[in-house]
Amino acid sequence: MNTAPEHPVRHSKVLIIGSGPAGYTAAIYAARANLAPLLVTGMEPGGQLMITTDVENYPGFADVIQGPWLMEQMKAQAVHMGTVMIIDYINKVDFSARPFKAWGESGALYTADAVILATGAKARWLGLDSEKIFRGRGVSACATCDGFFFKGQEVAIVGGGNTAAEEALFLTNFCSKVTLIHRRDSLKAEKILQDRIFKNPKIEMLWDTAIEEIVGNEKGMTGLRLKNVKTGAEFSLNAQGLFVAIGHDPATDVFRGHLAMDAAGYIATAPDSTATSIPGVFAAGDVADHVYRQAVTAAGMGCMAALEADRFLAAQAG
């Protein structure tokens with residue numbers, strides 16, 4: 001007696017894994033190319049912009065817009081074009097042969113002739129309860145996105161690498177004072193960045209210091225409770241904003257061993273391309289970009305991935 005499989009096998013010409021600006025834009029372009037894409041959203045549909053309140057730097061909007069609203073618009077546009085959206089989380093893949101295979105947490109098996117990876121990256125946070133309370137109300141992980149909102153105010157930034165140094169310098173364009181907090185007594189940032197940091201009169205260094213708590217009120221963050229890690233002394237710092245710059249982690253664990261990656265786990269792509277080490281598999285957005293990490297660049301890469309997937313499939317058919 002023949003029995004139907006417990007979970008269906010869903011095949012598509014293009015499977016997009018992950019949502020957010022890269023995934024949704026790839027879906028829009030793939031759908032317009034009549035590729036009937038299937039998009040598996042992941043655990044956090046919409047990605048990092050779902051926790052971003054005011055968005056002022058996405059082209060096409062003269063007024064401030066909300067991150068979640070922008071993602072809902074992108075999603076609706078992709079669906080309107082013909083994308084099939086599935087809420088599931090991919091926990092296993094096999095890219096060794098075509099059709100490519102991906103298994104969802106639901107038990108479903110997805111197969112595809114081409115795959116676009118758009119699982120994004122997550123900022124590392126300090127892990128404080130107070131950090132969660134004031135996230136979006138003073139606490140941010142992106143100075144490029146949110147620095148403008150602190151014009152003329154005093155802010156702090158925590159970290160010691162290139163990102164922290166670059167963002168501290170960037171914040172001096174808007175803020176009256178920037179305090180760079182680091183747990184150690186020296187920075188890991190490149191020497192040229194360190195020189196700029198130490199020469200900038202708006203930047204003050206706090207060495208050997210850890211953040212114990214973010215304090216504030218119903219309006220938002222007002223300051224920090226700090227601790228010297230060598231002496232144990234606790235003290236306070238007035239600040240209207242805190243930028244966490246202790247690194248990002250690309251969401252690529254499920255792809256390890258299947259694709260070439262760099263030392264930090266970002267998927268390696270060909271120059272001026274979203275093509276990965278496996279023909280027919282493409283990577284777009286923060287999953288492959290550790291330099292810019294902006295919604296607009298992620299969207300651009302999503303467009304590139306869809307166009308490259310279309311060309312790949314046309315070459316296979318031809």
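Worth saying up front: this structure is predicted, and the values here are computed from it rather than measured.
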Participant: Tell me whether Asp286 is salt-bridged to Arg293, with the criterion being a basic N under 4.0 Å from an acidic carboxylate O.
Facilitator: no
Participant: What residue pairs, at least two apart or across chains, pass ring pair (Phe, Tyr, Trp, His ring centres under 6.0 Å) with a residue in residues 226-260?
Facilitator: Phe150-Phe243
Participant: Which residues satisfy the side chain to side chain donor-acceptor pair (under 3.5 Å) test with Asn162, sequence neighbours excluded?
Facilitator: Glu190
Participant: Under the rule for side chain to side chain donor-acceptor pair (under 3.5 Å), what residues qualify as partners of Glu308, not counting sequence neighbours?
Facilitator: Ser273, Thr274
Participant: Applying salt bridge (Lys or Arg N to Asp or Glu O under 4.0 Å), which residue pairs with at least one partner in residues 237-256 are found, sequence neighbours left out?
Facilitator: Arg124-Asp249, Asp253-Arg256
Participant: Are side-chain N/O atoms of Asn228 and Thr209 paired as donor and acceptor at under 3.5 Å?
Facilitator: no
Participant: Does this structure show an ion pair linking Asp195 with Lys191, if we count only N-O contacts that are shorter than 4.0 Å?
Facilitator: yes
Participant: For the ring pair Phe61 and Trp69, is the centre-to-centre distance below 6.0 Å?
Facilitator: yes
Participant: Does Lys177 have any side chain to side chain donor-acceptor pair (under 3.5 Å) partners at least two apart in sequence or in another chain, and if so, which?
Facilitator: Glu204
Participant: Taking the side chain as every heavy atom from C-beta outward, state whether Asp113 and Gln316 have any atom pair closer than 4.5 Å.
Facilitator: no
Participant: Please list all pairs passing the ring pair (Phe, Tyr, Trp, His ring centres under 6.0 Å) test where one or both residues lie in residues 289-318, with sequence neighbours left out.
Facilitator: Tyr266-His290
Participant: Are the side chains of Leu259 and Ile278 in touch, meaning some heavy atoms are under 4.5 Å apart?
Facilitator: yes
